[in-house]
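A note on names: the letters A, B, ... follow the listed sequences, proteins ahead of strands, and every chain is numbered from 1.
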Number of protein chains: 2
Amino acid sequence: MKKGKATIHDIAEKLNITASTVSRALNDNPRISENTKKLVLKMAKQLNYQPNHIASALRSGKSKLIGVLVPTANRNFFSSVVRGIEDIANELDYKVIISQSYEDSEKEIQNIEALLNARVDGIIASIGKNTENFDHFQKVLDKGIPLVLFDRITNQLDVSQVVIDDYQGAYDTTKHLIEVGCKRIAHFTSPKKINIYKERLRGYEDALKDFDIPFDPELIEESNMQLEDGRISMENIINKGIEFDAVFSSSDYAVMGAMQVLREHKISVPEQVKLAGFGNEPFTSFTAPPITTVDQKSIPMGRVTAETFFELLKLDGKKGNNQKTVLKPELIIRESTQKSN
Amino acid sequence: MKKGKATIHDIAEKLNITASTVSRALNDNPRISENTKKLVLKMAKQLNYQPNHIASALRSGKSKLIGVLVPTANRNFFSSVVRGIEDIANELDYKVIISQSYEDSEKEIQNIEALLNARVDGIIASIGKNTENFDHFQKVLDKGIPLVLFDRITNQLDVSQVVIDDYQGAYDTTKHLIEVGCKRIAHFTSPKKINIYKERLRGYEDALKDFDIPFDPELIEESNMQLEDGRISMENIINKGIEFDAVFSSSDYAVMGAMQVLREHKISVPEQVKLAGFGNEPFTSFTAPPITTVDQKSIPMGRVTAETFFELLKLDGKKGNNQKTVLKPELIIRESTQKSN
DNA sequence: ACTATTTGAGCAATCGATTGCATATTTATA
DNA sequence: TATAAATATGCAATCGATTGCTCAAATAGT
């Protein structure tokens, strides 16, 4: 077996034509006759020719790779978005490099660096919770490399972005809680005021206002929003003796923690306290009772993000108008907010 | 701002030396004097030189990319393994391309193809459930490209692999169920007889045997092991009126489904029926009661897999002995198997 | 029939880094 | 001091595909 793989030169030699012609034929260049193209294709198949993307990338400056940077792939939301991106990208013959920042700013910077070194044609990213300086993203923009942000965005950058309407999702959820009779709705949010948490808080506040329910700062719990944090927040509220009849958490994980604590305190859900989360993580449908939450339309978000990205790519560095797409979230009503009468 | 980025030629020009020297200096080649190296490094910094990995890959044939193929990144186990792999890879200045087969054989083949086209230096993979033909992996081996399989393996390939001791994990779990008093233990498994399910079934059977509990085929439920499948399996057993006092499922998702059905039938866990899963997915600790399961040591598995991979890479195509590493799993005992007396 | 135009294909440079071989300079050895 | 050995660097080919430019042949236009 010949070790070296077939190149366009091998094809050219066999057909007594030049490599240029082969290259053009393979790229369906109109300057090449149909007949020659057919011959080249056939010979390529016969020699089991596999294009060397590295060589092509070097010469053309296009790697056909997209770098996708997410806080963690291990979350239904992010992995679904990635799936959506992949769907579109693969159709267009692009490959996706997934890179995780693990919510670590330093790693985020390194990963961006690494992706650029890998000569990706562009980057799609969701910003880590702890990132407050955006120079590394600005650098990408400065180089004219296509960049699209999704979900975790910042308004400190002039960049295309895709988000869901976090405000609306939170508003709808809060409204729903009010409609099933809640008047003392606790809200779990993050001290990190990244866009998504700010918007959700705002939606919560506006819904209260619209239904003439007073906003009580005592009902706001700030934390890192993991399961354990949700437990602590819930314990806090209970221990302080604060009256409450619902929890609306900006994170499914935190609401899960709250539910555990309520159970330990023999406070029944939804009879005594109603619960709602955000994110529609699969486990929210597993629990007893299943938890009301907000679906973030992850797959559409992935697809829209990819489409936005490829439009940007088509501009080829020419400054176009940055797109901001806002998707409608969907309130998924489950047993945890069932009206108890 | 100069658009074109600095190359080794730019550095060379500034220092009045040749690109070869610069290249060697940057690669810390011993044939270059310390002094020159220092100068080159300084100038590289000054010009903000970023090596072009594409060019380097083309010439050297090494892309410093590892392709990682998993059924889905959206599972704690797989994403943790990937994390372990990344840890090691990044230390060695390698980047990881994550690629998902979504348990689809066709996509698995395409992804392998795509990874090879991206000229990865090697591949780390976990085989999709439905894959029965392994030609695409054999092709990788035939090309002398390093390949390591983890968790979902096959003995039809002569390849390095890393697994946990599924047999032991299942044996320990079954033994534990017996020790807390169970005598009629149902087992959920997959009709796809990939290694992990086969081994777990074997562990279950052997534990029964060792404790003189008869094996009853009526207690074996085969399915695709998702949550919904677990529900169906549980319904089957209940509807057939088969006596049982425990379920040991080869999948956490399926056991979750079983738990839901039991709850709906007002069968209490763990008092009437004890439950155990496999995989230690995070949600197993969220549920009420939390579910006993087997931890698969995902991060160590990732690290060991990566280490095995890099050993293979060092051999540079020379046939070495294939390594098979077996990690010890850990039984995580939770409330769902609490002894009720 | 003769020039103008279109079509098809070849030539050679190029992308940026690597590397085998040759050469120049310095140091060690006899 | 002449020669061998070691050290430091340069030269030029190379990896495989792409592409601007040139050129030849075929077709069209008058």
Side-chain angles (χ1 to χ4, degrees), chain A residues 2-41 43-44 47-65 93 116-121 143 316, chain B residues 2-41 43-44 47-65 93 116-121 143 316:
Chain A
K2 184 136 152 279
K3 176 131 134 267
K5 327 216 325 177
T7 72
I8 52 171
H9 292 96
D10 298 325
I11 299 177
E13 199 177 349
K14 293 267 183 190
L15 296 173
N16 265 315
I17 55 178
T18 60
S20 336
T21 304
V22 173
S23 171
R24 291 192 172 103
L26 291 172
N27 288 306
D28 206 28
N29 186 309
R31 308 181 59 74
I32 300 297
S33 70
E34 287 309 317
N35 189 41
T36 308
K37 282 181 189 171
K38 229 165 280 174
L39 287 173
V40 168
L41 258 354
M43 184 56 71
L47 296 180
N48 188 29
Y49 168 76
Q50 298 292 129
N52 185 326
H53 289 194
I54 299 268
S56 151
L58 174 59
R59 177 62 229 247
S60 68
K62 319 224 141 296
S63 64
K64 296 257 189 177
L65 290 176
D93 210 27
L116 292 178
N117 277 348
R119 290 298 195 279
V120 294
D121 287 346
K143 295 191 188 196
D316 195 30
Chain B
K2 184 138 150 279
K3 178 135 135 264
K5 326 216 328 179
T7 71
I8 54 170
H9 292 96
D10 298 326
I11 299 177
E13 199 177 348
K14 293 267 182 191
L15 295 174
N16 265 314
I17 55 180
T18 60
S20 336
T21 305
V22 174
S23 171
R24 292 192 172 102
L26 292 171
N27 288 305
D28 205 28
N29 186 311
R31 305 180 61 74
I32 301 296
S33 69
E34 286 309 316
N35 189 41
T36 307
K37 283 182 188 169
K38 228 165 279 174
L39 288 172
V40 168
L41 258 352
M43 184 57 70
L47 296 180
N48 188 30
Y49 167 75
Q50 298 291 127
N52 185 326
H53 288 192
I54 299 269
S56 152
L58 175 59
R59 178 60 228 248
S60 67
K62 319 223 139 298
S63 64
K64 296 253 188 181
L65 290 175
D93 210 26
L116 293 177
N117 278 348
R119 290 300 194 278
V120 295
D121 287 347
K143 294 191 187 192
D316 195 29

CD1 (B:Ile11) and OG1 (B:Thr18) are apart, to the nearest 0.5 Å, by 12.0 Å
Any A:Ser60 side-chain nitrogen or oxygen under 4.0 Å from OP1 or OP2 of D:dT19: no
Atom CG of B:Asp10 to atom P of C:dG16: distance rounded to whole Å? 9 Å
Examine the base of D:dG10 for any acceptor or donor lying under 3.5 Å from a partner atom in the side chain of B:Arg24, and report the outcome as yes or no. yes
Residue-phosphate contact under 4.0 Å: B:Thr36 side-chain N/O, D:dT9 OP1/OP2: yes
At 4.0 Å (heavy atoms only), tell me whether B:Ile54 reaches a base, stays on the sugar-phosphate, or touches nothing. nothing
Kindly compute the distance separating CZ (B:Arg119) from CG (A:Asn52), expressed to the nearest 0.5 Å. 4.0 Å
Can A:Thr36 and A:Ser33 be counted as having a side-chain donor-acceptor contact under 3.5 angstrom? yes
Nearest-nucleotide check on DNA chain D, B:Ile32 vs A:Asn52; residue mapping nearer the 5' end is B:Ile32
In whole angstroms, the gap separating C1' of C:dT14 from CD1 of B:Ile8 amounts to 15 Å
In this structure, CG of B:Leu47 is separated from CD of B:Glu13 (nearest 0.5 Å) by 10.0 Å
For atom CD of B:Glu13 and atom P of D:dG10, their distance in whole Å: 13 Å
Under 4.0 Å between any heavy atoms, over every strand shown, what does B:Asn16 touch: base, sugar-phosphate, or nothing? Just pick one. sugar-phosphate
B:Ser20 side chain near D:dT9 phosphate (N/O to OP1/OP2, under 4.0 Å): no
Length of the CG-C1' vector between B:Leu58 and C:dT14, whole Å: 12 Å
If I take atom CD1 in residue B:Ile11 and atom C1' in nucleotide C:dT18, what distance separates them, rounded to the nearest angstrom? 15 Å
d(CZ, A:Arg59; C1', D:dT19) in whole Å: 5 Å
What does B:Ser23 touch in the nucleic acid at a heavy-atom separation under 4.0 angstrom: a base, only the sugar-phosphate, or nothing? base
Does A:Ser33 make a side-chain N or O approach to OP1 or OP2 of C:dA9 shorter than 4.0 Å? yes
Please assess A:Lys64 against A:Asp121 for the test salt bridge (Lys or Arg N to Asp or Glu O under 4.0 Å), listing each intermediate value before the final yes or no. CA-CA 6 Å; A:Lys64 296 257 189 177; A:Asp121 287 346; over 6 Å; no
With a cut-off of less than 4.0 Å, is there a side-chain N or O of A:Asn27 near OP1 or OP2 of D:dT18? yes
Residue-phosphate contact under 4.0 Å: A:Ser56 side-chain N/O, D:dT18 OP1/OP2: yes
note: B:Arg31, atom CZ; C:dC21, atom P; distance rounded to Å ~ 12 Å
In this structure, how many angstroms lie between the P atom of C:dA9 and the CG atom of A:Asp28, rounded? 13 Å
Look at all strands and tell whether B:His53 reaches a base, only sugar-phosphate, or nothing, counting heavy atoms closer than 4.0 Å. nothing
